[in-house]
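Only one structure is covered here, and it is reproduced in the block below.
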Amino acid sequence: MTKRLSIFPLTGALLFPGLQMPLHIFEPRYRALVSDALARDRRIAMVQPQRPVEGAPLFQIGCVGRIGDVEALDDGRFNVMLEGENRFRIIRELEVTTQFRQIEAELLEEPDDEYLSSVERASFEREARRFADAQGYSVDWDSVTRLDDISLIDGVSQIAPFDPAAKQALLEANTLNERCELLVQLMQFFARRDSDDDRVTLQ
C-alpha cells in the first residue's frame, strides 16, 4: 500500500510503532506541517536525513506517527505527542509547493506476536545493565523487567545514545530478534570506545 506523506526530517530522532515521541515545533515550515496534519488525518512521517544539512537525501525507512495530545501556543508553536503507527519505505520524494517536504511511500507490514526467547531476553538485560552502569544511567530495573519484549527492545532503540547511522540500522532491522542482537552488539561496541570518543559510530 502506497501513501502520500508529509515528512519531518530530524537527525537522531527515531519513532517506532506503538511508542511515543514528544516534539516541540517552532520552525515556521513545521508549524505549517502540524497545522496541515491537524486539518487532515493528524499524521506526520518521521525520517532521518542522511546528513544534517538543508535538503539532504533521506534514509529510506521511517515511521508514521499520529498526533495525539497537542498544545497550541499563543506564538504559533506547538507541543505535540506523536504516537508511532507504521514504518514506511520511501518510493520517491514529491515535487510540492508546500513549505514542508512530501514523499510517496510504501507502508510496511509489522510482524505480529514477536517475542524473545528467555535466553535472548536475559542476555539483553544483562548487557543493558552493564551499559547503564558504565554510562552512569539510573534505571528502574524492576519496571524494565515488567515490560513486554517489543516495548523493551523498541523503547531502548528509540532512546539509545547512538549516532544516526546506528539508530537507523535499528529502525531498519526486520525482526525483533535482529534488533535485539544489534542492540547488544552496539552496547558492547559503545562500551569499548576510546575514552575520548563520545559516541558509537557505524560510519
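Counting begins at 1 with the first residue of the sequence.
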Any chance you could lay out the salt bridge (Lys or Arg N to Asp or Glu O under 4.0 Å) test for Arg31 and Glu27, step after step, and finish with the verdict?
CA-CA 6 Å; Arg31 284 160 31 190; Glu27 287 189 52; over 6 Å; no
More than 12 heavy atoms of other residues, nucleotides or ligands under 6.0 Å from CZ of Arg89: yes or no?
no
Please check if the number of heavy atoms outside Tyr115 that lie under 6.0 Å from its OH is greater than 12.
no
Side-chain donor-acceptor contacts of residues 15-25 below 3.5 Å, not counting sequence neighbours, with atom names and distances?
unit_1	atom_1	unit_2	atom_2	d
His24	ND1	Asn79	OD1	2.7
His24	NE2	Arg77	NH1	3.1

Does some side-chain heavy atom of Arg101 sit less than 4.5 Å from a side-chain heavy atom of Leu58?
yes
Has Glu85 got a side-chain atom pairing as donor or acceptor with Cys63's backbone, closer than 3.5 angstrom?
no
Indicate if Leu176 and Leu147 have the same hydrophobic cluster label, given that clusters are the connected sets of ILVMFWY residues with side-chain heavy-atom separations under 4.5 angstrom.
yes
Leu170 CG to Leu182 CG distance, which is reported to the nearest 0.5 Å:
4.5 Å
So, taking the atom named CD in Glu127 and the one named CD in Glu125, what distance separates them when rounded to the nearest 0.5 Å?
12.5 Å
Val34 reachable from Val64 in the ILVMFWY side-chain graph, under 4.5 Å edges:
no
Is Val144 reachable from Tyr137 through a run of hydrophobic residues whose side-chain heavy atoms are each under 4.5 Å from the next?
yes
Begin from the C-alpha positions of Arg129 and Trp141 and carry the test side-chain contact (heavy atoms from CB on, under 4.5 Å) through to its verdict.
CA-CA 8 Å; Arg129 286 175 182 268; Trp141 293 110; 3.4 Å; yes
Asp149 vs Glu114 side-chain heavy atoms within contact, under 4.5 Å:
no
Ile90 versus Val47: any side-chain heavy-atom pair under 4.5 Å?
yes
From CD (Gln99) to CG (Asp36), nearest 0.5 Å:
10.5 Å
Provide the closest heavy-atom pair for Arg42 versus Val70 in the form atom of the first, atom of the second, distance.
NH2-CG1, 4.0 Å
Joint hydrophobic cluster, Ile7 plus Phe26, side-chain heavy atoms closer than 4.5 Å:
no
Test Leu33 against Thr98 for side-chain contact (heavy atoms from CB on, under 4.5 Å), laying out the working first.
CA-CA 9 Å; Leu33 169 64; Thr98 54; over 6 Å; no
Which pair of non-hydrogen atoms, one from Leu14 and one from Ser157, has the smallest distance, and what is that distance?
CD1-O, 4.2 Å
Okay, side chain of Lys167, backbone of Ala160: is any donor-acceptor separation there less than 3.5 Å?
yes
For Glu54, give me all partners under salt bridge (charged side-chain N to carboxylate O under 4.0 Å, His left out), at least two apart in sequence or on another chain.
Arg29
Are Arg40 and Ser6 packed together at the side-chain level, in the sense that at least one heavy-atom pair is separated by less than 4.5 angstrom?
yes
Is there a side-chain contact between Phe59 and Leu171 in this structure, where contact means two heavy atoms from C-beta onward sitting under 4.5 Å apart?
no
Can you find a pair of side-chain heavy atoms, one from Leu94 and one from Glu104, that are under 4.5 Å apart?
yes
side-chain contact (heavy atoms from CB on, under 4.5 Å) between Met187 and Arg130, worked out:
CA-CA 9 Å; Met187 288 188 291; Arg130 290 175 182 165; over 6 Å; no
Above 12 or not: heavy atoms from other molecules or residues under 6.0 Å from CG of Asp69?
no
For Val119, does its backbone N or O pair with a side-chain atom of Ser123 as donor and acceptor, under 3.5 Å?
no
With distance as the sole test, does Gln48 use its side chain to make a donor-acceptor pair with the main-chain N or O of Gly12 at under 3.5 Å?
yes
CD1-OG1 distance between Ile153 and Thr175, expressed to the nearest 0.5 angstrom
11.0 Å
Test side-chain contact (heavy atoms from CB on, under 4.5 Å) on Leu82 and Phe8; report intermediate values, then the result.
CA-CA 12 Å; Leu82 210 57; Phe8 187 176; over 6 Å; no
Going by atom types alone, do Ser151 and Asp148 pair a side-chain donor with an acceptor below 3.5 Å?
yes
Write down the atom of Arg51, the atom of Pro57, and the distance for their closest heavy-atom approach.
NH2-CD, 3.7 Å
Would you check if Leu152 and Phe124 make a side-chain contact, meaning some heavy-atom pair closer than 4.5 Å?
yes
Are Ile67 and Phe100 joined in one hydrophobic group, where the rule is that I, L, V, M, F, W and Y side chains link up if heavy atoms are under 4.5 Å apart?
yes
In the structure I gave you, are the side-chain heavy atoms of Ser35 and Phe78 within less than 4.5 Å of one another anywhere?
yes
Would Asn177 and Glu120 count as having a side-chain donor-acceptor pair, cut-off 3.5 Å?
yes
Distance, nearest 0.5 Å, that separates CD of Gln50 from OG1 of Thr11
10.5 Å
Any sub-3.5 Å donor-acceptor pair from Arg179's side-chain atoms to Ala173's backbone N or O?
yes
Atom pair CD/CG of Gln188 and Leu183 - distance to nearest 0.5 Å
11.0 Å
